[in-house]
Amino acid sequence: MIRKEQLNKMTNFLWEIPQSYREDMRVPARVYATEEGLEAILKDDSLDQLINVSTLPGIQKAAIAMPDAHQGYGFPIGGVAATKYPEGVISPGGIGYDINCGVRLLATDADYNEIKGEMENLATELYNNVPAGAGKSGPVNLNRQDFDRLLRRGAEWAVENGYGGSEDLEYIEANGRLDHADPNVVSERAKQRGQDQAGTLGGGNHFLEVDRVSKIFNQKAAQALGLHENQVVVFIHTGSRGFGHQVATDYVKKFQSKMNEYGINLPDRGLACAPMDTRDGKDYYHAMAAGANFAWCNRQVITSEVRKAFRNVLGTQAGKIDVVYDISHNIAKLEVHEINGNSEKVMVHRKGATRAFGPGHPELPDAYRDIGQPVFIPGSMGTSSYVLTGTTEGMQSTFGSTCHGAGRNMSRTAAKKQVDPNKLIRRLKEQDIHIQAASHSGVAEEAPLAYKEVDMVVETVEKAGIAKRVLQMHPAAVIKG
DNA sequence: ATGTTC
């Protein structure tokens with residue numbers, strides 16, 4: 001395992017393992033962390049994994065880890081790797097098994113103090129409207145032809161079928177649809193698992209949360225996002241469910257058996273990949289795009305169910321519920337970035353990392369062009385969450401990326417041993433936080449003590465200059481799998 | 001993350 005002495009301190013918030021550290025490194029490995037944050041990251045294998053990532057064919061500039069980094073499959077969670085297009089590789093392990101896991105924020109017109117008394121009813125109604133937990137099916141159940149159409153069209157499919165309005169699409173990364181999604185390169189098994197899963201939350205760290213805006217750091221940005229203090233907002237964290245998981249499983253297995261054929265030799269099987277200019281590489285990208293589209297559709301269907309639940313409990317009091325934005329933190333995107341003074345096309349793998357484009361980027365909605373891309377950073381269950389925006393500096397240093405959450409610092413097994421879920425639920429209720437969960441052991445696994453301090457993670461990315469705080473939110477109702 | 005070990 002790598003030790004602190006082997007890292008060069010570049011700034012108070014950035015550390016580097018030079019390319020000379022190991023012969024097979026193609027670029028340096030960099031980690032954003034405070035001194036204290038680094039100690040936590042060094043406790044698991046995430047930086048050794050980051051060094052392995054730096055050996056990927058075609059990797060550009062650096063393998064990058066965020067302050068919420070922890071050990072994952074092959075690649076660390078909280079990592080960014082950009083590979084040169086088209087001769088570099090694409091790797092399912094650099095994207096994650098939950099393809100296009102991401103976070104969507106909705107803004108209601110309600111004031112927290114006015115609807116506080118309805119929060120428990122709202123939690124129950126949301127829980128009843130949005131199936132939570134592993135293996136649950138949702139309101140959408142499609143035949144194969146319609147499901148293929150959903151995979152091609154993403155969030156658009158949901159809107160066309162009565163889940164939300166077309167104005168929602170403008171406020172989703174990539175407008176909720178990646179081109180080139182191809183159902184023909186997705187296994188039958190993946191389609192079977194996914195065809196009744198749109199509109200479901202899933203388990204693990206996924207959640208549906210009602211929050212109040214508790215503190216504003218940047219008034220101008222908050223205003224552009226349509227957010228103000230004490231406003232009730234809704235936070236949705238989920239991904240592509242069993243569908244994306246099966247796509248990832250299929251291609252990891254396929255690539256692992258063909259690494260010799262591609263002539264690629266890597267230090268960890270979890271890095272299995274294919275050159276983007278091969279049939280296999282293209283097929284995975286097109287399958288991943290289908291997974292991404294499924295996840296956007298999922299969050300769009302859930303949005304529509306949330307609107308229904310609010311109407312059922314509050315009538316017109318909730319007002320119009322708008323999509324603020326929808327970000328992806330497990331995805332690879334073909335983007336143009338400046339590398340050594342040249343504009344280069346790269347496949348930016350973000351695994352547990354959020355795209356954070358700076359002000360002026362053409363892909364941002366008009367209303368957000370001047371403030372930069374909104375970024376949503378959830379804390380652990382029952383703690384606060386943050387809205388940030390991307391920066392110009394981040395475009396240079398991290399391919400326009402930042403962190404994605406608090407990041408675990410304890411295993412699920414260890415958390416289960418230490419936490420009594422009923423006690424935790426009671427304690428949170430005393431703080432006016434209402435939990436509705438499908439699984440009590442899931443609640444224990446997600447206890448705040450199993451996570452790093454989100455405030456520390458957010459402070460690190462802000463001080464490092466790769467994202468800027470806009471506001472803080474505080475939970476009032478939490479739906480968990 | 002995941003029909004939580006095809």
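To find a chain, count down the sequence lines: A is the first, B the second, and so on, and within it residues start at 1. Values below: every heavy atom of this structure, side chains too, minus hydrogens, waters and symmetry copies. Model, not experiment: these values are computed from the prediction.
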Lys/Arg cation over aromatic A:Phe399: A:Lys61, 6.0 Å, 45° cone: yes
If you draw the axis of the six-membered ring of A:Phe357, does the NZ or CZ of A:Arg355 fall within 45° of it and under 6.0 Å from the ring centre?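 Verdict for A:Phe357: a cation-pi partner in A:Arg355.
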Once you apply a heavy-atom cut-off of 4.0 Å, does [X] come out as touching a base, just sugar-phosphate, or nothing?
X        : value
A:Gly244 : nothing
A:Gln197 : sugar-phosphate
A:Arg412 : sugar-phosphate
A:Gly204 : sugar-phosphate
A:Gly96  : nothing

May I have the distance from [X] (atom [atom1]) to [N] (atom [atom2]), rounded to whole angstrom?
X        : N     : atom1 : atom2 : result
A:Asp196 : B:dT2 : CG    : P     : 14 Å
A:Arg241 : B:dT4 : CZ    : C1'   : 12 Å
A:Arg189 : B:dC6 : CZ    : P     : 8 Å
A:Tyr97  : B:dT5 : OH    : P     : 13 Å
A:Lys136 : B:dT2 : NZ    : C1'   : 14 Å
A:Phe294 : B:dT2 : CZ    : P     : 11 Å
A:Lys253 : B:dT5 : NZ    : P     : 14 Å
A:Gln246 : B:dT5 : CD    : P     : 15 Å

Looking at A:Arg307 and A:Asp168, is any side-chain nitrogen of the basic one under 4.0 Å from a carboxylate oxygen of the acidic one? yes
Among A:His206, A:Arg241, A:Lys136, whose side chain to side chain donor-acceptor pair (under 3.5 Å) with A:Thr200 holds?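 Checked A:His206, A:Arg241, A:Lys136 against A:Thr200; only one passes side chain to side chain donor-acceptor pair (under 3.5 Å): A:Arg241.
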Regarding A:His237 and A:His329, do their side chains bring together a donor and an acceptor under 3.5 Å, going by distance alone? yes
For A:Asp280 and A:Tyr251, does a side-chain donor sit closer than 3.5 Å to a side-chain acceptor?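 There is no such pair between these side chains.
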Can you sort out which residues in residues 295-305 of chain A have a heavy atom within less than 4.0 Å of DNA chain B? Ascending by number, please. none
By nearest nucleotide on DNA chain B, pick out whichever of A:Arg408 and A:Glu445 is the more 5' one.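 In this pair, the answer is A:Arg408.
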Please check if the number of heavy atoms outside A:Glu188 that lie under 6.0 Å from its CD is greater than 12.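 Yes, enclosed.
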